[in-house]
Amino acid sequence: MTLPDTGDLSIKNVTKTFGSTTAVDHVNLEVQRGEFLTLLGPSGSGKTTLLMMIAGFEDASSGDIALDGASILNVPAEKRNFGMVFQGYALFPHMTVRRNISYPLDVRKRPKSEIESRVEEMLALVQLEGFGDRLPKQLSGGQQQRVALARALCFAPPVLLLDEPLGALDKKLRIEVQAQLKAIHDRVGTTFLYVTHDQEEALSMSDRIVIMRDGKIEQVGTPNELYEKPRTVFAADFLGKSNFLERSEATYALRPEKIDVAPSGDLQCAVSVTGKIQTISYFGAVQKLMVMLDDGKCLEVDVDIWRNRNAFSVGQVVDLGWTDDAVTKLEG
Amino acid sequence: MILPFLAVIAGFYIYPIANVLWLSVVEPEPGLGNYAALFDTESLRRIILTTIRICVVTTFFSVLFGYTIAYAMVHMDQRKQNLMLALVLVSFWISILVRTFSWLMLLGHNGLLNNGLQAIGVINEPIAFVRNELGVLIGMIHYMIPYAVLPLLVNMRNLDMRVMRASQNLGATGTQTFLRVYLPMTIPGIVASTILVFILSLGFYVTPAILGGGKVLMIAEYISVQILITLKWGTAAMLATLMLFGVLGMLYVMSRFMKLSAVFGGGR
């Protein structure tokens with residue numbers, strides 16, 4: 001993959017207020033060309049509002065948004081040339097798949113031959129060859145999602161904005177589409193700016209993730225950085241599961257799968273405590289143990305079922321242990 | 001349990017319609033004489049043509065204005081939208097007689113408009129707004145606009161506005177979005193409005209009678225003349241039958257192009 005020559009997006013000190021509420025609060029963010037960046041946060045965190053400002057559907061109350069160094073705040077939405085995949089896809093219901101995909105080229109009055117070959121190229125990219133003459137309602141949800149993607153990529157936009165594009169799909173299909181989406185990103189090299197509240201989507205596809213909370217950026221980093229080194233309680237809790245330990249007036253995060261567990265007296269570890277299993281939840285590959293420590297605090301522990309066949313039962317007293325590098329010190 | 005209701009429907013709807021159909025072929029003598037008159041009576045043909053012409057023009061302008069009003073309404077904030085809806089509905093509650101006579105007073109020879117224009121010297125002679133086809137059209141279009149607005153409003157309110165945003169995002173100007181996306185997506189509303197207004201216009205009686213001043217004869221008024229004055233019940237029944245089948249025929253043709261249930265807001 002060669003690096004595209006456009007697609008650097010910088011968001012400088014952008015704020016958006018609706019009346020007395022602040023939806024986006026002084027956000028600074030540099031999106032690099034070709035990057036797959038995910039805005040991750042719960043609803044109300046401002047991620048969609050930020051996306052709408054970038055797309056040009058909302059005006060920023062203050063701050064600046066620039067593409068390749070030039071401010072785009074005064075460019076109307078239809079002139080920004082950003083592709084967008086909407087929540088619910090927003091396909092044109094009265095047009096065939098082919099006409100949907102060719103729409104951005106049609107309105108730009110490109111030559112017919114160019115449009116035709118480009119549409120075929122796009123149909124191939126999203127693996128919908130042969131579906132060109134169908135109407136959107138004759139397609140499955142996953143296929144509609146791919147039409148929306150092809151339509152948004154058809155005019156080779158420098159940046160593709162995706163607003164919870166997989167929200168309407170069932171879980172199994174979602175995982176499949178995540179892989180396709182990532183593959184398409186790698187092929188076209190466009191900057192992808194992806195909004196979701198689903199941490200698994202964020203982890204599996206992104207080059208970098210931006211965790212948002214109450215209109216502010218909580219933490220930015222690669223999926224691995226964010227998972228291994230969360231900086232705050234919110235980040236540790238929102239991305240993955242975490243136990244929180246209070247030690248000498250500081251809070252530490254400890255992921256459930258990083259705790260070793262063994263029947264009482266069996267464990268050799270740097271730090272170890274004893275506790276009693278309260279509940280066991282079964283998830284197929286892992287089981288989650290809730291272990292109450294002697295001080296009354298509960299820890300969640302993930303246990304690989306296959307390697308610990310029939311090792312644990314409710315009420316059993318166990319030793320819990322972890323290494324020093326398993327815990328992360330959090331701010332505040 | 002539903003039998004009594006069926007009996008009511010049969011007694012009060014089906015029987016009279018059957019009776020009209022029957023009358024049209026037996027009065028004044030059995031046979032298709034009443035229908036044959038359509039082809040060799042000049043005045044009958046003229047009335048039918050006048051009716052169709054007036055209905056087409058009325059429908060066109062009512063739907064055009066109705067579309068504009070409905071479009072404006074859905075793009076307003078909720079409070080203004082409710083206010084406009086109330087204004088549209090108020091005109092439903094005012095009797096058609098009142099509305100028609102109001103037009104007469106506004107547009108008549110000594111009406112407000114003619115007097116006003118003469119007073120400020122724009123015209124010397126009063127303009128004949130009423131007692132002609134123009135008057136009938138003004139009165140009918142005014143009456144029909146609310147009927148055109150409502151189906152369009154329902155249609156427009158149910159549109160997914162994200163689709164318009166998508167169009168804009170993909171580079172379409174406002175005009176392109178309207179012509180390529182908005183207008184095609186409101187076709188069901190346009191069709192519903194058109195059918196509703198056209199069918200209602202066909203049976204219009206009061207407005208043509210008053211604003212036409214007896215010079216613009218439409219089918220409904222002619223039917224009433226046949227029944228009340230010339231007592232030619234056969235001709236009246238024939239015209240009524242013709243209108244009934246005209247309407248059914250229109251609905252049939254429309255149903256060939258789209259699902260009527262969709263047009264009238266039913267399920268898919």
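What you see is a predicted model; the values in this text were computed from it and never measured. First the proteins, then the strands, lettered A, B, ... as listed; each starts at 1.
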Chemist: If you take all heavy atoms of B:Met185 and A:Pro93, which pair is closest and at what distance?
Modeler: CE-CG, 3.6 Å

Chemist: Answer yes or no: does atom CZ of B:Phe61 have more than 12 heavy-atom neighbours from other residues, nucleotides or ligands under 6.0 Å?
Modeler: no

Chemist: I want to check something: taking the side chain as every heavy atom from C-beta on, are B:Ile187 and A:His94 in contact at a cut-off of under 4.5 Å?
Modeler: no

Chemist: Does a sphere of radius 6.0 Å around CD1 in B:Ile2 hold more than 12 heavy atoms from other residues, nucleotides or ligands, not counting ones at 6.0 Å or beyond?
Modeler: no

Chemist: Determine the minimum heavy-atom distance between B:Ala166 and A:Ala90, stating which atoms define it.
Modeler: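 Minimum heavy-atom contact is CB-O, 3.8 Å.
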
Chemist: Between B:Asn169 (side chain only) and A:Phe82 (backbone N and O only), is there a donor and an acceptor less than 3.5 Å apart?
Modeler: yes

Chemist: If every non-hydrogen atom of A:Tyr103 is compared with every non-hydrogen atom of B:Ala172, which pair is closest and at what distance?
Modeler: OH-CB, 3.5 Å

Chemist: With a 4.5 angstrom heavy-atom cut-off, which part of A:Leu91 approaches chain B: side chain, backbone, both or neither?
Modeler: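 Contact with chain B is through the backbone of A:Leu91 alone.
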
Chemist: Kindly give the heavy-atom pair with the smallest separation between B:Gln168 and A:Ala77, and that separation in Å.
Modeler: NE2-CB, 3.6 Å

Chemist: So, is the end of the B:Arg165 side chain (NZ or CZ) under 6.0 Å from the ring centre of A:Phe57 and within 45° of the ring's axis?
Modeler: yes

Chemist: Any side-chain heavy atom of A:Phe92 within less than 4.5 Å of one from B:Leu170?
Modeler: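 They are in side-chain contact.
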
Chemist: Please say whether more than 12 non-hydrogen atoms of neighbouring residues, nucleotides or ligands are located less than 6.0 Å from CZ in B:Arg99.
Modeler: yes

Chemist: Are there over 12 heavy-atom neighbours, none belonging to A:Asn74, within less than 6.0 Å of that residue's CG?
Modeler: no

Chemist: Do B:Gln176 and A:Lys109 come within less than 4.5 Å of each other through their side chains, counting heavy atoms only?
Modeler: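 Yes, at least one pair of side-chain atoms sits under 4.5 Å.
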
Chemist: Are there more than 12 heavy atoms of other residues, nucleotides or ligands under 6.0 Å from atom OH of B:Tyr13?
Modeler: no

